[in-house]
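To start, the structure under review is shown below, and the notes come after it.
Order of the sequence lines sets the chain letters (A, B, ...), proteins ahead of strands, with each chain counted from 1. Every heavy atom of this structure was used, including side-chain atoms; hydrogens, water molecules and symmetry mates were not.
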Amino acid sequence: MIKQYKTFRGGLHPPDCKAGSAHKAIEDCPLPEELSIHLSQHIGVPAEVCVAVGERVLKGQAIGRARGMVSVPVHASTSGEVVAVEPRPHPSGKTLEAVVIRPDGIDERHGALSGADYRSLSPEQLRERIRGAGIVGLGGATFPTHVKLSPPPEKSIDTLIINGAECEPYLTGDHRLMVEAAAGIVLGINIFRRALGARRVCVGIENNKPDAVLAMRQACRETGIEVVALATKYPQGAEKQLIYAMTGREVPSGGLPMDVGALVQNVGTAEAAAAALSSGRPLIERVLTVTGPGVAEAKNLRVRIGTPLSHLIACCGGLKGVPAKIIVGGPMMGTAQLGLDVPAVCGTSGVLVLREEDLAVRPEGPCIRCGRCLQVCPARLAPTTIAAYARLDRMSEARAFNAMDCIECGSCAYICPSAIPLVQSIRHAKASISAKRKKH
Amino acid sequence: MLEAILSLGGIGLTAAIILGLAAKKFAVEVDPRELALLEALPGANCGACGYPGCSGFAQALAEGRADPGDCTPGGKETVEQVARILGVAAVSSDPQVAVVLCQGDRQHAADKYRYLGIDDCNAAQKLIGGPKHCPGGCLGLGSCLRVCPFGAIEITPQGLAVISREFCTGCTKCVAVCPRELIRMTPAAAEVHVLCNSHDKGAVVRKYCSIGCIACHICHKAAPQAYIVEDFLARVVYEHHGDAAPGVEKCPTKCIRDFAKGYPAGSSFLGPASSSKPDIAA
């Protein structure tokens, strides 16, 4: 009998290209000459700088104060001197305020940092510690974790889902983390479980990572945490799709996971929360994958936040050939960069370098009504219809076809035999609709 | 035979009487001025007045909710005619036309990346602020061209939007759609304009555009009344546009253009001598 793995409707399977780094152990990336740590490491209001130029800071010391509810503090990722507080290029393409630190090489820890046993803390104290450590979702969205862990009282969360799907091609950071740091992840899961009071806890991992499934199953023995092997399909790691695969519940249009009593956290976030609680170390480093045909050797690296991409590439043996496209994140949903001078931020899950010969740029053709985009859309939308309305600037019609439900996974644009930039048109429609909504 | 004629004729007659009475009873009263106004308006249904088409505007005018001067495409004649029908004084401001304040096409201005997306300036602007290095330059993807109801805009083969001063009616639709806010309304009589929208310092402008304003103040020195330089960008003081000619010659980057002497390179629009206003109602 063929085993049926859990999944969602739609989606596709692009060549995963993970072989280059899937079996490489996580390496510590050496400190660069200069770290530029952005004050916007999260969605929400950027932190407010609280150090001055010339000051010596220690590893783990707060350099940015949280402003507002959806904000977290930002910490120095090593000890050294603050050489500048100025706008620097950010992976989002904007130029944003950053604290530039020249490391002194001592890597001296800030004295006030200390761990605690999570079982002795109340859910409220746990959330406060997680907030203080600057923990945000490391899957890429960088939503502050303490906000996710504080649902409004009328929404009870019974299911905590841990996202180890890692469905983006090329990326292997979460995979290696599950193999090498399963115990830390389980500690993090227990912290989240205590903070939420969730009854059911499950970890979803795509079945193309059998060693990760095995390692997590072993670490989760006698903890009541389920480890579920999922079908290998993109976008298996998208929040709503993962919830459907794991629970069969469907998040309503315009709704949030908490509307169906579920909450999703990434495995990397769990590991970061565990480190924050057990040793008091705030979020100053993350695991990411440097990969692609344009890099000499693909690697999984543990990187200090603020390390420039050029330094990461150098750690992987430098560039191979002439880079044509540099992507931060995965190839499906990542953002193309203008250069290698941007630093890694909390949301940086990978760096992908492609050469001219790896890019398949085809001219756009007419829609041949093949319906493949309809088959693959995991949000069950009609991409061609929405895109056509968007290009005619008829945004109210695009909205009527539920453009706002698009998760921008790019499956439609990937599968389109006519190379129509469908996802870009839908993004354009979404931005126009929300701009109009803001105006009124 | 006769029966058939009588019964059919009878039905026809009854229906005619009923319809005739109904037409009288349920007739919608139309302000006779409204019909006259609709006749006077250009009939382009461009929406520049803020109403959905000319009939909506005519109704609003008849009810006193709109101002005759709101029809910019109609020009002075239409405003006067409308005012005559309504029996009010004609208040018509000087005609305005839109100008693209940029000449940085592919030959003059550098790109920071290769854009492969949809042909829409607003969509391109969302990708790291657009492919042009210049933060204020024309992206040339034609969002303005597509909203212009009068065919007054073209994109040159080198990728620059150009607006015909003869065909533009001043409806301001292109001004609203441009994500870089580089289309401005200017008096139609003023032929000289500084075609640059970059507020960067001269040294920065030189790096990415060979035809941008470097804020050197030479135009201001040549014609102090006609030019001011603010925030690293020169502009024409339109009250004194008649004195602007010396600046055109002196400008070292040639970013000041006298439209009487022609349009930017690559444009198919011709000077005012050969133009004829198109029939916008067609």
Side-chain angles (χ1 to χ4, degrees), chain A residues 89-96 323-328 334-339 341-342 354 356 359-364 367 383-384 386-395 398 403 408 410 412-413 416 418-436 439, chain B residues 45-48 50 52-53 109-137 139-149 153 155 159 161 171-181 183 198-201 204 207-208:
Chain A
H90 184 273
S92 68
K94 295 175 192 147
T95 304
L96 301 171
K325 200 166 191 176
I326 300 151
I327 299 169
V328 158
T335 9
Q337 300 297 314
L338 294 177
D341 51 351
V342 293
L354 299 171
E356 195 66 53
L359 297 174
V361 177
R362 289 179 294 149
E364 185 183 342
C367 173
T384 38
I386 300 171
Y389 277 131
R391 286 167 97 162
L392 293 169
D393 208 31
R394 286 165 66 176
M395 298 306 176
E408 302 179 19
C412 52
C416 179
S418 290
I420 302 171
L422 291 164
V423 69
Q424 196 202 3
S425 309
I426 301 172
R427 280 178 82 147
H428 175 46
K430 282 176 76 177
S432 306
I433 293 165
S434 28
K436 211 170 268 175
K439 228 195 265 173
Chain B
N45 296 319
C46 68
D111 281 349
K112 56 183 169 189
Y113 64 87
R114 185 159 47 126
Y115 176 73
L116 297 169
I118 54 173
D119 282 352
D120 187 300
C121 303
N122 283 285
Q125 180 71 16
K126 275 169 207 134
L127 291 174
I128 325 186
K132 270 245 155 78
H133 244 301
C134 173
L139 296 172
L141 294 168
S143 290
C144 52
L145 173 133
R146 282 185 292 276
V147 296
C148 179
I153 305 183
I155 304 292
C171 74
T172 72
K173 282 197 146 186
C174 53
V175 176
V177 81
C178 178
R180 303 194 136 194
E181 296 174 359
I183 305 180
S198 166
H199 287 284
D200 283 327
K201 288 181 183 171
V204 180
K207 272 186 198 152
Y208 56 63

Return the [atom1] to [atom2] distance between [X] and [Y], rounded to the nearest 0.5 Å.
X	Y	atom1	atom2	answer
C178(B)	N122(B)	SG	CG	8.0 Å
C416(A)	R362(A)	SG	CZ	7.5 Å
R146(B)	D119(B)	CZ	CG	6.5 Å
I420(A)	C412(A)	CD1	SG	10.0 Å

Results of salt bridge (Lys or Arg N to Asp or Glu O under 4.0 Å) for R391(A) - residues two or more places apart only: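 If we apply the salt bridge (Lys or Arg N to Asp or Glu O under 4.0 Å) test to R391(A), skipping adjacent residues, the hits are E364(A).
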Looking only at heavy atoms, which two atoms of A109(B) and K132(B) are closest? And how far apart?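 Taking every non-hydrogen atom into account, CB-CE, 3.7 Å.
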Please report the closest heavy-atom contact between P131(B) and L139(B), naming both atoms and the distance.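 So the two residues come closest at CD-CD2, 3.7 Å.
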Part of [X] lying under 4.5 Å from any heavy atom of chain A:
X	answer
R114(B)	side chain
D120(B)	side chain
K126(B)	side chain

By a 4.5 Å heavy-atom criterion (distance strictly below it), what part of A390(A) contacts chain B: side chain, backbone, both, or neither?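 Neither the backbone nor the side chain of A390(A) comes within 4.5 Å of chain B.
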If only atom types and distance count, is the side chain of R180(B) paired as donor or acceptor with the main-chain N or O of G137(B) below 3.5 Å?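 Between the backbone of G137(B) and the side chain of R180(B) there is a qualifying donor-acceptor contact (under 3.5 Å).
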Chain B contacts: which residues in residues 425-434 of chain A have a non-hydrogen atom closer than 4.5 Å to it?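 Residues in range: S425(A), H428(A), A431(A), S432(A).
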